[in-house]
2 protein chains.
Amino acid sequence: MSDLEQILENNNVKPTAMRLLVLQYLLNKKVTVSLVNIEAHFHNSDRTTLYRTLKTFVENGVAHQIDDGTGSTKYAICEENCNCDVDTDLHLHFHCANCNETVCLTAHKIPHINLPEGFKAENVNLVVKGICDKCNGQ
Amino acid sequence: MSDLEQILENNNVKPTAMRLLVLQYLLNKKVTVSLVNIEAHFHNSDRTTLYRTLKTFVENGVAHQIDDGTGSTKYAICEENCNCDVDTDLHLHFHCANCNETVCLTAHKIPHINLPEGFKAENVNLVVKGICDKCNGQ
DNA sequence: ATATAGGATGCAATGGAAGTGCATTTACTG
DNA sequence: CAGTAAATGCACTTCCATTGCATCCTATAT
């Protein structure tokens, strides 16, 4: 069994050909990808299948779903041992206004946030917009 | 000149009847509102006009535009003396999964965020999702 | 008061992305 | 090999954001 298959098996996702391809694509990407990105890459495959593949990944902890405020949902593979916990696993995302790409800054965990009395946090989304290192260097 | 008119004048927005009504509506709201909310309230007015009214407000610093991840953009009146500065004015938003409303926690400024070398922040969006105080109390 | 110009408004249409229903195919089980 | 459940593919729908264009209103100059 390949590494890719193992990842899916570990998360109770049946390793179909399509899913393995999408997983590999995601793993090779340094930045987050949108459904449209994936669609463009697998131009011979159906949009709905890709959509549901991603949905399955997210539901089973294979991938993160990221709302970077651009209007199109982004996806990225979860780090190893990630259990998407609010207090320990949430990192911030950076959206570059120049190259239009969103990267996971996995080393930058979201600081603890104090909420007023009565509020209970279940999830936190922190997106910083600006210019990324690559675009700044040019 | 009324207070409402004064607010618009101060931000170089011509105070038309429609704009004054929308401004008053926003001022009376404790929570953020979407275009659909406003449309429902001003059912005799055109969607596009309301859309452009909000756009004008945002562009001229009368209102904030909030992306709470629900897919529909929210709006709220800027605090007094707000200049939407990244370092001093950005507060966090809380989206309640139960009542589906988004509130501005203006007292909770976004903590300073350290970025890796080469990254330059221009804007920060921090949305916490969970259960709000009202829904918790029930 | 009237002409004029520029902005505001209203209507219609477009576009992008997410999501759903259903038929068909695939793959695993006995 | 038969049967079943999941996965896939196609068509369609819905929701929200956005734009083009015609019309209306208002402020200003003459």
Side-chain angles (χ1 to χ4, degrees), chain A residues 1-2 4-5 8-9 11-25 32-60 62-75 95 100-102 125 127, chain B residues 1 4-5 7-9 11-25 32-60 62-75 95 100-102 125 127:
Chain A
M1 182 178 290
S2 74
L4 291 174
E5 282 178 280
L8 295 184
E9 293 284 359
N11 290 282
N12 297 311
V13 176
K14 199 191 288 185
T16 67
M18 195 71 249
R19 286 172 180 172
L20 290 169
L21 286 171
V22 173
L23 177 60
Q24 184 160 50
Y25 176 74
T32 64
V33 297
S34 69
L35 178 55
V36 174
N37 293 148
I38 299 180
E39 233 184 305
H41 189 255
F42 298 99
H43 48 277
N44 49 342
S45 183
D46 187 72
R47 207 177 71 73
T48 312
T49 303
L50 297 169
Y51 168 72
R52 285 197 266 238
T53 297
L54 292 169
K55 194 177 177 185
T56 302
F57 282 6
V58 171
E59 284 170 353
N60 291 278
V62 177
H64 278 299
Q65 186 169 334
I66 301 142
D67 172 20
D68 63 5
T70 62
S72 85
T73 306
K74 300 298 193 302
Y75 300 89
H95 176 74
N100 205 35
E101 296 210 318
T102 300
N125 187 33
V127 180
Chain B
M1 182 178 294
L4 292 174
E5 282 178 283
I7 293 174
L8 295 185
E9 292 284 1
N11 291 282
N12 297 311
V13 176
K14 199 191 287 185
T16 66
M18 194 71 248
R19 287 173 178 171
L20 290 169
L21 286 171
V22 173
L23 177 61
Q24 184 160 49
Y25 176 75
T32 64
V33 297
S34 68
L35 178 55
V36 174
N37 291 148
I38 298 179
E39 233 184 305
H41 189 255
F42 298 100
H43 49 275
N44 49 343
S45 184
D46 187 73
R47 186 184 151 58
T48 312
T49 303
L50 297 170
Y51 168 74
R52 284 198 266 238
T53 297
L54 291 170
K55 193 176 178 186
T56 302
F57 281 6
V58 171
E59 286 171 352
N60 291 277
V62 176
H64 277 299
Q65 187 169 334
I66 301 143
D67 173 18
D68 61 6
T70 61
S72 84
T73 307
K74 301 296 192 304
Y75 300 89
H95 176 74
N100 205 34
E101 294 209 319
T102 300
N125 187 34
V127 179

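Chain letters run A, B, ... following the sequence lines, proteins first, then strands; residues in each count from 1. None of these values were measured; they are calculated from a predicted model.
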Student: Within the structure, does a side-chain N or O atom of A:S34 lie under 4.0 Å from either OP1 or OP2 of C:dA17?
Tutor: no

Student: Quick one: the side chain of A:T48 and the base of D:dC10, do they pair up donor-acceptor inside 3.5 Å?
Tutor: yes

Student: Could you state the interatomic distance from CG (A:L20) to CD (A:Q24), rounded to the nearest 0.5 Å?
Tutor: 8.5 Å

Student: From the set C:dA8, D:dA7, D:dA17, return the single nucleotide nearest to any side-chain atom of B:R19.
Tutor: C:dA8

Student: Measuring to OP1 and OP2 of D:dA7, would you say a side-chain N or O of A:T49 lies under 4.0 angstrom away?
Tutor: no

Student: Which whole-number value in Å describes the distance from A:D67 CG to C:dA18 P?
Tutor: 10 Å

Student: B:T73 side chain: which of D:dA17, C:dG10, D:dG9 is closest?
Tutor: D:dA17

Student: Atom CG of A:N37 to atom P of C:dG16: distance rounded to whole Å?
Tutor: 15 Å

Student: Could you give the CE-to-C1' distance, from B:M18 to C:dG10, as a whole number of Å?
Tutor: 12 Å

Student: Provide, to the nearest angstrom, the distance between the CD atom belonging to A:E59 and the P atom belonging to D:dA6.
Tutor: 14 Å

Student: Compare side-chain N and O positions of A:T16 against OP1 and OP2 of D:dT8 and report whether any pair is under 4.0 Å apart.
Tutor: yes

Student: Whole Å only: how far is the CG atom of B:N44 from the P atom of C:dC11?
Tutor: 11 Å

Student: Between the base of D:dA17 and the side chain of B:R47, is there a donor and acceptor pair under 3.5 angstrom?
Tutor: yes

Student: C:dG19 phosphate, OP1 or OP2: any side-chain N/O from A:Y51 under 4.0 angstrom?
Tutor: yes

Student: So among A:T102, A:D67, A:T32, A:D68, which one has a side chain to side chain donor-acceptor pair (under 3.5 Å) with A:K74?
Tutor: A:D68

Student: Take the protein atom CD of B:Q65 and the nucleotide atom P of D:dA17, then report the distance between them rounded to whole Å.
Tutor: 9 Å

Student: Could you give the CG-to-C1' distance, from A:L20 to D:dT8, as a whole number of Å?
Tutor: 15 Å

Student: Where each residue is assigned the nucleotide of DNA chain D containing its nearest heavy atom, which of B:R52 and B:S72 is assigned the position nearer the 5′ end?
Tutor: B:S72

Student: Using the rule given for ring pair (Phe, Tyr, Trp, His ring centres under 6.0 Å), can you reason through A:Y25 versus A:H41, listing the C-alpha separation, both sets of side-chain angles and the distance that settles it, and then say yes or no?
Tutor: CA-CA 9 Å; A:Y25 176 74; A:H41 189 255; 4.3 Å; yes

Student: Answer yes or no: is there a donor N or O on one side and an acceptor on the other, between the side chain of B:N11 and the main chain of B:V13, under 3.5 Å?
Tutor: no

Student: For A:D46 and C:dG21, give me the distance from atom CG to atom P, rounded to whole Å.
Tutor: 17 Å

Student: Quiz question: by atom type and distance under 3.5 Å, do the side chains of A:T53 and A:K55 form a donor-acceptor pair?
Tutor: no

